[in-house]
Chemist: 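Here it is: the structure, laid out below.
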Amino acid sequence: MGRHTKDAVEEGRAERIAAASGAEEDPGAAGTAAGPATGTRGAGAATAAAGQTSHAGAAHEHRWLVLAVIGVAQLMVVLDATIVNIALPSAQSDLGFSDGNRQWIVTAYALAFGSLLLLGGRVADLVGRKAVFLTGLVGFAVASAIGGAAPSFTVLVIARALQGVFGALLAPAALSLLTTTFTDPKERAKAFGIYGAIAGTGGAVGLLLGGLLTEYLNWRWCLYVNLLFAAVAFLGGLRLLHPGAPADRPKLDIPGTLLVSAGLFCIVYGFSNAEKHDWSSPQTWGFLAAGAVLLVAFVAWQLRAAHPLLPLRVVLDRDRGASFLGMFISGAGMFGVFLFLTYYLQQILRYSPVKTGLAFLPMVAVMIVSSVIAQNKFVPKLGARPIVPLGMGLGAAGLVWMTALDVDSTYAAHVLPPLLIMGIGMGLIFAPAMNLATAGVAAHDAGVASAMVNTSQQVGGSVGTSLLNTLATSAAASYLVGKEQTPQALAKAQLHSYSTAYWWSAGFFALGLLVTVILYRKGPPHPHPTEGGDAGPVHM
């Protein structure tokens, strides 16, 4: 049948790319593979291999330093989504923009980042992960410097959009470097435990760092600080990573790129727009409908494209599909903690920005511990099916507990316990989901698989933020109907809006529990072809 013939062609192409990737990572093998059939060319390959062996070996020997470099880059990208939130009031006062325009400082970043991630992931596969990683770091640093020095609102928005563009190159390149650097199952578990903790805690670190910089320096340092992160990661990456791209590179899927980028842009913009306009507004539902149509068209095109941007074999595996959905749902629900608990601490308990950031540190600590333990102890023995759903259940339980917070609540007795439960739950979700989302993916698909992880979390966060903001605003307005707007009534209306957001966030996590317990396979994860050093392709 035609479909089988096409699959065979694609499989053959994938095997050639995988062989080239394997030769690139093991130059000695390249010379052997060339054999007598290539004559002089084979001898040349062997000579080149001899000259490159020490370099490749050094990168392998220092893989834990590579993890540190990747972790710094990932932390910079993740914390930048929240660090600017703390600085917004100061930036607004300094540059004189309106409340209505304030959302664009956040939305410009989200739009560029969310809509270009899949393209960034595929570019990393085609051009080479080191080159794209370093380019992303330099671009992100330059955009941050422009934003920090911004003399006007317009320049600041442009800089935030540029941060999103280069972040879309950087984030999938970082995760795919991790995927291809750690192939031993035990080491991979440890590496993803650490990486998942960084990805999960970056938002809370951003709140703390943003508070410190805003309070003791000024809001511009919330952008300038990225230059330090980028410099450390760039120097480390330049020294430790080895270059290269597949020898048999397919053409970039231009129609697929345009369809998915436009579709994701419309989805993110539609939900972001809902925070400012009513859901019945054509600017809201029109963009959402257009986004849905474009994404359906993208999937249809991927079924027939010669060189698909997102090969469906990457997403149709049960464990990977469960991981992508888990990241999307937890990304949406997690903002119920970072966003509305921040409001509660600052507006109800009157915490300063620094104290608010410090309040999240216990959650960060337990998230790191549970993430590493889950990846190293539980998932290898039990598999993801009991672990990730348990994390979803703990997330839901922590949020339900938070619905009881009121004006008389204290941090130690009422805020800290559910925050710790949330931290444990997030650790059980992020590291296993990120690991299984990229496990078993051929080296030439590692970038786009990594991009799907980031896309799921980013789009989930955008959807969650807009939905929860809209629901919370409506709940506060409904509470005040027929009541005199005294300070006490306004405070209770705020609390009611936060409680509504927590309930809905808990609902997201409950849905995540159901989805992941159904989709994840039973038992420990089986070794994939990429583990143990084989970079062979994975086909459905």
Chemist: Side chains of Leu137 and Thr135: closer than 4.5 Å at any heavy-atom pair?
Modeler: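 No - every pair of side-chain heavy atoms lies 4.5 Å or more apart.
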
Chemist: For the atom pair CG (Asn218) and CG (Leu213), what is the distance rounded to the nearest 0.5 Å?
Modeler: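 These two atoms lie 9.0 Å from each other.
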
Chemist: When you measure from the side chain of Thr181 to the backbone N and O of Leu178, does any donor-acceptor pair fall under 3.5 Å?
Modeler: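 No; zero donor-acceptor contacts below 3.5 Å.
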
Chemist: Supply the atom-to-atom distance Leu169 CG to Phe113 CZ, rounded to the nearest 0.5 angstrom.
Modeler: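 Leu169 atom CG to Phe113 atom CZ measures 10.0 Å (nearest 0.5 Å).
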
Chemist: Check whether Ser370 reaches the backbone of Ile424 with its side chain - one donor and one acceptor, N or O, closer than 3.5 Å.
Modeler: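 It does hold such a pair.
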
Chemist: Let me have the donor-acceptor pairs involving side chains of residues 72-79, under 3.5 Å, with sequence neighbours excluded, atom names and distances please.
Modeler:
unit_1 : atom_1 : unit_2 : atom_2 : d
Gln74  : OE1    : Tyr195 : OH     : 3.0

Chemist: List the atom of Ser371, the atom of Ala431, and the distance in Å for their closest heavy-atom pair.
Modeler: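 Closest heavy-atom pair between Ser371 and Ala431: OG-CB, 3.1 Å.
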
Chemist: Hey, are the side chains of Phe192 and Glu187 touching, using non-hydrogen atoms and a 4.5 Å cut-off?
Modeler: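 Not touching, per the 4.5 Å side-chain cut-off.
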
Chemist: Look only at the side chain of Ser323 and the backbone of Ala433, and say whether a donor-acceptor pair between them is shorter than 3.5 Å.
Modeler: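 Yes, Ser323 side chain to Ala433 backbone: donor-acceptor pair under 3.5 Å.
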
Chemist: Is the shortest heavy-atom distance from the side chain of Val388 to the side chain of Val379 under 4.5 Å?
Modeler: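 No - every pair of side-chain heavy atoms lies 4.5 Å or more apart.
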
Chemist: Check Ser505 against Leu399 and note the closest heavy-atom contact, atom names and distance.
Modeler: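 Distance-wise, the nearest heavy atoms are CB-CD1, 3.5 Å.
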
Chemist: Quick check: does any side chain N or O of Gln302 sit under 3.5 Å from a backbone N or O of Leu310, one acting as donor and the other as acceptor?
Modeler: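 The answer is yes, because a donor-acceptor pair under 3.5 Å joins these two groups.
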
Chemist: Can you check whether Met452 reaches Leu118 side chain to side chain, under 4.5 Å on heavy atoms?
Modeler: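 Of all side-chain heavy-atom pairs linking Leu118 with Met452, at least one is under 4.5 Å.
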
Chemist: Would you name the heavy atoms of Ala233 and Phe133 that are closest together and state the gap between them?
Modeler: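 Here Ala233 and Phe133 meet closest at O-CE2, 4.2 Å.
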
Chemist: Under the side chain to side chain contact (heavy atoms under 4.5 Å, CB included) criterion, do Gln375 and Arg188 qualify, and how do the steps go?
Modeler: CA-CA 9 Å; Gln375 267 299 95; Arg188 180 183 172 92; over 6 Å; no

Chemist: Test Ser450 against Arg129 for side chain to side chain donor-acceptor pair (under 3.5 Å), laying out the working first.
Modeler: CA-CA 12 Å; Ser450 303; Arg129 282 173 276 278; over 6 Å; no

Chemist: Does the Tyr224 side chain pair with the main chain of Gly148, one donor and one acceptor, at a distance under 3.5 Å?
Modeler: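 Pair found, side chain donor or acceptor close to backbone of Gly148.
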
Chemist: Minimum heavy-atom separation for Ala145 to Leu227, with atom names?
Modeler: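 Of all heavy-atom pairs spanning Ala145 and Leu227, the closest is N-CD1, 3.8 Å.
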
Chemist: Can you name the one residue among Ile83, Leu217, Val354 that meets side chain to side chain contact (heavy atoms under 4.5 Å, CB included) with Leu212?
Modeler: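 Result for side chain to side chain contact (heavy atoms under 4.5 Å, CB included) with Leu212: Val354.
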
Chemist: What's the spacing between Leu264 CG and Leu295 CG if we round to 0.5 Å?
Modeler: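 It comes to 5.5 Å.
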
Chemist: Is Asp125 reaching over with its side chain to a backbone N or O of Val448, donor-acceptor style, under 3.5 angstrom?
Modeler: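 Yes.
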
Chemist: Any chance the rings of Tyr109 and Trp104 have centres within less than 6.0 Å?
Modeler: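 That pair fails the under 6.0 Å test.
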
Chemist: Kindly compute the distance separating NE2 (His307) from CD1 (Ile254), expressed to the nearest 0.5 Å.
Modeler: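 Between atom NE2 of His307 and atom CD1 of Ile254 there are 12.0 Å.
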
Chemist: What are the two closest heavy atoms between Leu428 and Gly391, and how far apart are they?
Modeler: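 Smallest interatomic distance, heavy atoms only, reads CB-CA, 3.8 Å.
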
Chemist: Applying side chain to side chain contact (heavy atoms under 4.5 Å, CB included) between Leu175 and each of Ile70, Thr438, Leu170, report the one that passes.
Modeler: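 When side chain to side chain contact (heavy atoms under 4.5 Å, CB included) is applied between Leu175 and each of Ile70, Thr438, Leu170, only Thr438 qualifies.
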
Chemist: Checking Phe234 against Phe140 for the side chain to side chain contact (heavy atoms under 4.5 Å, CB included) test, could you report, in this order, the C-alpha distance in whole Å, the side-chain angles of both residues, the deciding distance, and whether it holds?
Modeler: CA-CA 11 Å; Phe234 181 86; Phe140 202 94; over 6 Å; no

Chemist: With no hydrogens and no angle check, is any side-chain donor or acceptor of Asp253 less than 3.5 Å from a backbone partner on Pro308?
Modeler: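 No, because the side chain of Asp253 does not come within donor-acceptor range (under 3.5 Å) of the backbone of Pro308.
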
Chemist: Any side-chain heavy atom of Thr455 within less than 4.5 Å of one from Phe324?
Modeler: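 The answer is no, as the side chains (C-beta and beyond) never meet within the 4.5 Å cut-off.
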
Chemist: So, Arg220 side chain and Thr214 main chain: donor-acceptor pair closer than 3.5 Å or not?
Modeler: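 Judged by distance alone, no pair lies under 3.5 Å.
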
Chemist: Contact between Arg122 and Leu126 at the side-chain level, heavy atoms closer than 4.5 Å - yes or no?
Modeler: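 A side-chain contact exists here, since the closest heavy-atom pair is under 4.5 Å.
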
Chemist: Could you go through Arg385 and Asp319, starting from their C-alpha distance and side-chain angles, then the distance that decides it, and tell me whether this counts as salt bridge (Lys or Arg N to Asp or Glu O under 4.0 Å)?
Modeler: CA-CA 9 Å; Arg385 188 170 187 177; Asp319 285 344; over 6 Å; no

Chemist: From Leu390 CG over to Leu513 CG, what is the distance, rounded to the nearest 0.5 angstrom?
Modeler: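 One gets 8.5 Å once the value is rounded to the nearest 0.5 Å.
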
Chemist: Between Gly121 and Ala451, what is the shortest heavy-atom contact and its length?
Modeler: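 Closest pair (atom of Gly121, atom of Ala451, distance): CA-CB, 3.8 Å.
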
Chemist: Hey, are the side chains of Leu65 and Val69 touching, using non-hydrogen atoms and a 4.5 Å cut-off?
Modeler: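 Not in contact.
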
Chemist: Using side chain to side chain contact (heavy atoms under 4.5 Å, CB included), reason through Arg320 and Val315 one step at a time and then give a plain yes or no.
Modeler: CA-CA 6 Å; Arg320 284 198 285 272; Val315 296; over 6 Å; no

Chemist: Yes or no on side chain to side chain contact (heavy atoms under 4.5 Å, CB included) for Gln457 and Met334, after CA distance, side-chain angles and deciding distance?
Modeler: CA-CA 10 Å; Gln457 186 178 13; Met334 188 174 63; 4.2 Å; yes

Chemist: Nearest 0.5 Å, what's the CG-CG distance between Asp317 and Leu519?
Modeler: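 The CG atom of Leu519 is 10.5 Å from CG of Asp317, to the nearest 0.5 Å.
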
Chemist: Within a strict 4.5 Å, meaning less than it, do heavy atoms of the Leu177 and Val66 side chains meet?
Modeler: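 Contact flag for Leu177/Val66 side chains = no.
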
Chemist: Show me the donor-acceptor pairs within less than 3.5 Å that the side chains of residues 158-167 make with the rest of the protein, sequence neighbours left out.
Modeler:
unit_1 : atom_1 : unit_2 : atom_2 : d
Arg160 : NE     : Ile105 : O      : 2.8
Arg160 : NH1    : Asp80  : OD2    : 2.8
Arg160 : NH1    : Gln163 : OE1    : 2.9
Gln163 : NE2    : Asp80  : OD2    : 3.2
Gln163 : NE2    : Ser144 : OG     : 2.8

Chemist: Does any N or O in the side chain of Ser261 come within less than 3.5 Å of the main-chain N or O of Leu258, such that one atom is a donor and the other an acceptor?
Modeler: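 No, the answer is negative, given that no donor and acceptor are paired below the 3.5 Å cut-off.
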
